[in-house]
2 protein chains.
Amino acid sequence: MIKQTQSLYEARAAIIKALAHPTRLFIVEMLQKRDYNVGELVEMIGADFSTVSKHLTTLKNSGLVSDERKGTTIYYHLKTPCILNFIGCVEEVLQINADEKLNVLSYCRK
Amino acid sequence: MIKQTQSLYEARAAIIKALAHPTRLFIVEMLQKRDYNVGELVEMIGADFSTVSKHLTTLKNSGLVSDERKGTTIYYHLKTPCILNFIGCVEEVLQINADEKLNVLSYCRK
DNA sequence: CGTATATTTTGCTATATTACCAAATAAGAA
DNA sequence: TTCTTATTTGGTAATATAGCAAAATATACG
């Protein structure tokens, strides 16, 4: 592959990679509703502070999320809501996968 | 997080993870145009046959791609073109990231 | 300043991913 | 069946990632 093309795909993959974790997907969906701070997310997720903080840093570095300090707490904000359309497509894939499994099963029963 | 919710996000993340690699993104975009076999993709990508084949298996296992044998060769097919809308959004994120870097630079120059 | 609160960073270990090579398999042709 | 082409699988080394706990940082306030 041409070097330039390679770089483009690497840049894209880096962003997608930032989304490719259950906790980070959850965070992104939460941030769709409103901004949250680490503590609130920790409570919802049930992981360590440091773990959630790291996930937020990953999302921030990818450019999907921004942060803003308000007094003592830092609020995280979803910069690119178009990401959520994508999750609709992912859901579609899951649905198709599930349907296909059902088909295989019904075929076995015949 | 509730166990059920956890499972849902894991399932979604698994699909996104399948996309989160430059070579696999490239393959998905190529398959948007038409079906390809491993050999053709190897030529475009410039990696080992086994490497590309493994990437195709990853895409197939996630349900994004299907395969069909025609004579001696196996052709790969993009099952869910909605994925491509998502890449548009990723591109948007890249654009914003680039713009922000430019802003920071111009700010430094003042 | 010193203390409390909120969050991030670091150090560590365990696990996962990827690439390449070589060997194995699958399907069709001779 | 044996050859040939197309593709996958297994093994391995290098690299990346996740998660927890402890230490460090940053801001607010008395």
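Throughout, protein chains are lettered first and strands after them, A, B, ... in sequence-line order, and every chain is numbered starting at 1.
Within 3.5 Å, no donor on the side chain of B:K70 pairs with an acceptor on the base of C:dG28, nor the reverse.
Nucleic acid contact class of B:T73 (heavy atoms, under 4.0 Å, all strands): sugar-phosphate only.
One can place CD of B:E68 at 16 Å from C1' of D:dA6, the figure rounded to the nearest angstrom. The separation between B:D48 atom CG and D:dT9 atom P is 15 Å, rounded to whole Å. Following rounding to the nearest Å, A:Q6 (CD) and C:dT18 (P) show an atom-to-atom distance of 14 Å. If you take CG of A:N61 and C1' of D:dT17, they are 14 Å apart, rounded to a whole angstrom. The separation between A:H55 atom NE2 and D:dT17 atom C1' is 10 Å, rounded to whole Å. At whole-Å resolution of the value, CD in B:E10 and P in C:dA16 are 12 Å apart. Atom pair B:K54:NZ and C:dA19:P shows a separation of 10 Å (rounding to whole Å applied). A:Y75 places its OH atom 16 Å from the P atom of D:dT27, with the value rounded to the nearest Å.
Comparing C:dT8, C:dC20, D:dA6 against the side chain of A:F49 picks out C:dT8 as the nearest. The listed nucleotides are D:dA6, C:dC21, D:dA22; the one nearest the side chain of B:S50 is C:dC21. With D:dT7, D:dG19, C:dT8 as the choices, the nucleotide that has an atom nearest any side-chain atom of A:Y76 turns out to be C:dT8. In the set C:dT7, C:dA19, D:dC20, C:dT7 carries the atom at the smallest distance from any side-chain atom of A:I74.
Criterion: ILVMFWY side-chain heavy atoms under 4.5 Å apart, direct or through other members. Under it, A:L94 and B:L84 are part of a common hydrophobic cluster.
The side-chain tip of A:R24 does not point at the ring of A:F26 from less than 6.0 angstrom away and within 45° of straight on.
Using a distance-only test at 3.5 Å, with no hydrogens or angles considered, no donor-acceptor pair links the side chain of B:N85 to the main chain of A:N85.
For D:dT8, the OP1/OP2 oxygens have a side-chain nitrogen or oxygen of B:S53 closer than 4.0 Å. For D:dC20, the OP1/OP2 oxygens have a side-chain nitrogen or oxygen of A:T51 closer than 4.0 Å.
The stretch residues 16-45 of chain B comes close to DNA chain C through B:K17, B:H21, B:R24, each having a heavy atom under 4.0 Å from the strand.
Between B:F86 and A:V90 there is no side-chain heavy-atom pair separated by less than 4.5 Å. Using a 4.5 Å heavy-atom threshold, the side chains of B:R34 and B:E40 count as touching.
In summary, A:R12 and B:E29 engage in a salt bridge, as defined by a charged side-chain N under 4.0 Å from a carboxylate O.
Side chain to side chain, B:E10 and B:Q6 meet the donor-acceptor criterion of an N or O pair below 3.5 Å.
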